Amino acid sequence: MAAYEQILRDLQRDRVDGDEFIRLRRRLEELQPLRDRQQLVKRTIGSSSSVGVICSAEWEDLAPPNTRHSGRQPRR
């Protein structure tokens, strides 16, 4: 608490609005859990993409030859 009071005194000396400082500080603290969640989602998406690629490769290896994707468009 003493550190906060010192910061507020310094801000007052520099003519910075202490209420605005506290409001912004609280908003920044609210953003931290969102940043953590964003990192978790990015890791989850990355691992899910890897699993999808592996499953697709396994399907290509196990699928009967007539069901494999040839890379060509079907004729009309």
Side-chain angles (χ1 to χ4, degrees):
M1 190 65 167
Y4 238 29
E5 291 172 358
Q6 180 61 42
I7 291 170
L8 290 175
R9 278 194 295 275
D10 292 343
L11 291 172
Q12 214 171 28
R13 185 183 61 232
D14 295 336
R15 298 178 193 255
V16 174
D17 183 14
D19 291 333
E20 180 71 6
F21 171 79
I22 291 171
R23 188 182 66 76
L24 291 173
R25 175 96 181 199
R26 286 183 181 148
R27 290 200 58 207
L28 286 172
E29 290 170 356
E30 291 170 1
L31 291 176
Q32 183 58 39
L34 295 175
R35 181 178 292 139
D36 296 342
R37 176 78 177 136
Q38 180 186 33
Q39 291 171 350
L40 175 64
V41 168
K42 284 181 179 180
R43 284 194 306 269
T44 302
I45 289 171
S47 65
S48 296
S49 297
S50 300
V51 170
V53 169
I54 291 169
C55 290
S56 177
E58 287 178 4
W59 166 253
E60 288 292 325
D61 291 342
L62 298 175
N66 60 344
T67 62
R68 290 188 181 149
H69 179 66
S70 66
R72 294 185 300 148
Q73 293 293 324
R75 292 187 203 166
R76 292 185 186 222

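Values in this document were obtained by computation on a predicted structure and should not be read as measured data.
Checked against salt bridge (charged side-chain N to carboxylate O under 4.0 Å, His left out), Asp10 has the following partners two or more places apart in sequence or in another chain: Arg13. For the side-chain contact (heavy atoms from CB on, under 4.5 Å) test, residues two or more places apart in sequence or in another chain that qualify with Ile22 are Leu8, Arg26. Under the rule for a salt bridge (charged side-chain N to carboxylate O under 4.0 Å, His left out), the partners of Glu29 that lie at least two apart in sequence or sit in another chain are Arg25. Annotation: salt bridge (charged side-chain N to carboxylate O under 4.0 Å, His left out) contacts of Glu20 (sequence neighbours excluded): Arg23.
Hydrophobic cluster membership is shared by Leu34 and Leu28, with clusters built from Ile, Leu, Val, Met, Phe, Trp and Tyr side chains linked at under 4.5 angstrom.
One side chain, Gln6 or Arg9, offers a donor N or O that lies under 3.5 Å from an acceptor on the other.
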If you look only at distance, which donor and acceptor atoms sit under 3.5 Å apart when one is on a side chain in residues 35-44 and the other is two or more places apart or in another chain?
residue	atom	partner	partner atom	Å
Arg35	NH1	Gln32	OE1	3.3
Asp36	OD1	Gln32	NE2	2.9
Thr44	OG1	Leu40	O	2.9

